[in-house]
Amino acid sequence: MQQAFYERPVLEVARDLIGCTVRHGLTCGVIVETEAYHHCEPACHAYVGVTPRTATLFGPPGVAYVYRSYGVHAMLNAVCERAGVAAAVLIRALEPVQGVDAMAARRSTDRIGDLCSGPGKLTQALAITLQDNGRALDAAPLVIGPPLADRPGPPIVTGPRIGITKAVDLPWRFAVRGSPFVSRPVPG
DNA sequence: CATGGGATTGACT
DNA sequence: GTCAATCCCATGC
């Protein structure tokens with residue numbers, strides 16, 4: 001996926017990333033759930049402006065923004081829109097495709113539906129860490145690629161974002177309708 | 001320099 | 001359903 005793909009309105013990118021693949025090392029999965037964030041709304045980390053933490057978000061598109069949540073989990077985002085505009089798509093869930101054994105070992109479970117069904121789960125399953133922050137998303141070891149050739153475009157549903165306390169009503173969450181691999185069902 | 005708050009998860013009642 | 005773990009960083013003194 002080239003930089004021009006990410007240098008667009010973040011809501012378009014969030015929708016278009018559904019069905020794309022995320023690969024880290026030997027593990028790979030298909031994106032089934034995303035959320036969009038933009039510095040114009042208070043749920044976004046970059047709402048406060050440029051800081052050491054948010055510098056990645058204000059930088060060029062097509063790179064990873066990885067941060068630690070609740071002191072425990074790493075969260076993977078794809079930086080979008082032109083440099084100077086902070087926006088990103090949070091990758092919230094994957095359908096495991098390749099390296100399932102490695103994912104199961106890292107996650108300490110064999111249940112396929114529990115390997116990548118959440119933003120903290122998928123980074124653990126794919127071994128994505130804060131070391132990946134700022135890394136380009138079009139070259140090894142961390143690559144977001146186009147949808148697999150043998151897969152039709154899935155039906156997509158939208159809804160409010162999960163786990164936030166501000167701007168809770170914006171319908172900026174996207175997911176594959178009926179997918180068993182999403183973190184939580186989309187209302188409606 | 002001290003403090004408070006998370007874009008969550010898993011274990012437990 | 002409740003709740004603790006745990007750490008980075010933004011903010012304020």
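Proteins get letters first, then strands, A, B, ... in listed order; numbering begins at 1 in each. We use all heavy atoms of the structure for the numbers below, so side chains are in, but hydrogens, waters and symmetry mates are not.
Residue contacts shown for A/Arg161 are absent, as no nucleic acid heavy atom lies under 4.0 Å away.
One interatomic measurement links the two molecules: CD1 of A/Ile164 to P of B/dG5, which rounds to 18 Å at whole-angstrom precision. What separates OH of A/Tyr65 from P of B/dA7 is a distance of 9 Å, to the nearest Å. Rounded to a whole Å, the CE atom of A/Met75 is 15 Å from the P atom of C/dC8. The interatomic distance linking A/Lys121 (NZ) with B/dG10 (P) rounds to 5 Å, in whole Å. As rounded to whole Å, 14 Å separates atom P of C/dC8 from atom NE2 of A/His73. Taking atom NE2 of A/His38 as the reference point, atom P of B/dA7 lies 18 Å away to the nearest angstrom. A/Ile162 has its CD1 atom 10 Å from the P atom of B/dT9, to the nearest Å. Rounding to whole angstrom units, OH of residue A/Tyr47 and C1' of B/dA7 are separated by 17 Å.
For A/Val72, the side-chain atoms get nearest to C/dT6 when compared with the rest of B/dA7, C/dC8, C/dT6. Each of B/dT9, C/dC8, B/dA7 was ranked by its minimum atom distance to the side chain of A/Asn77; first place goes to B/dA7. You'll find that the side chain of A/Arg68 is closest to C/dC7, out of B/dA7, C/dA10, C/dC7.
Residue A/Arg107 places at least one side-chain N or O under 4.0 Å from the OP1 or OP2 atom of B/dG10. One finds no side-chain N or O of A/Ser69 lying less than 4.0 angstrom from the OP1 or OP2 phosphate oxygen of B/dA7. Between A/Arg184 and B/dT8 there is no side-chain polar atom (N or O) within less than 4.0 angstrom of OP1 or OP2.
When both distances must be under 3.5 Å, the Watson-Crick or G-U wobble mate of C/dT6 does not exist. Taking a pair to require two hydrogen-bonding distances under 3.5 Å in either a Watson-Crick or a G-U wobble arrangement, B/dA7 remains unpaired.
Under the 6.0 Å cut-off for aromatic ring centres, A/His39 and A/Phe58 qualify, their centroids lying closer than that.
We find the CG-CZ distance between A/Leu148 and A/Arg151 to be 5.5 Å, quoted to the nearest 0.5 Å. With rounding to the nearest 0.5 Å, the separation of OH in A/Tyr6 from CG in A/Leu17 is 6.0 Å.
For B/dA7, its base never sits under 3.5 Å from the side chain of A/Tyr70 at any donor and acceptor pair.
Between the side chains of A/Ser183 and A/Glu33, at least one donor N or O lies within less than 3.5 Å of an accepting N or O.
Between A/Lys166 and A/Ser117, the one whose closest nucleotide on DNA chain B sits nearer the 5' end is A/Lys166. Taking the nucleotide of DNA chain B with the nearest heavy atom to each of A/Gln124 and A/Gly163, the more 5' of the two is matched to A/Gly163.
When the shell of 6.0 Å around CG of A/Leu26 is examined, it contains 12 or fewer heavy atoms from other residues, nucleotides or ligands.
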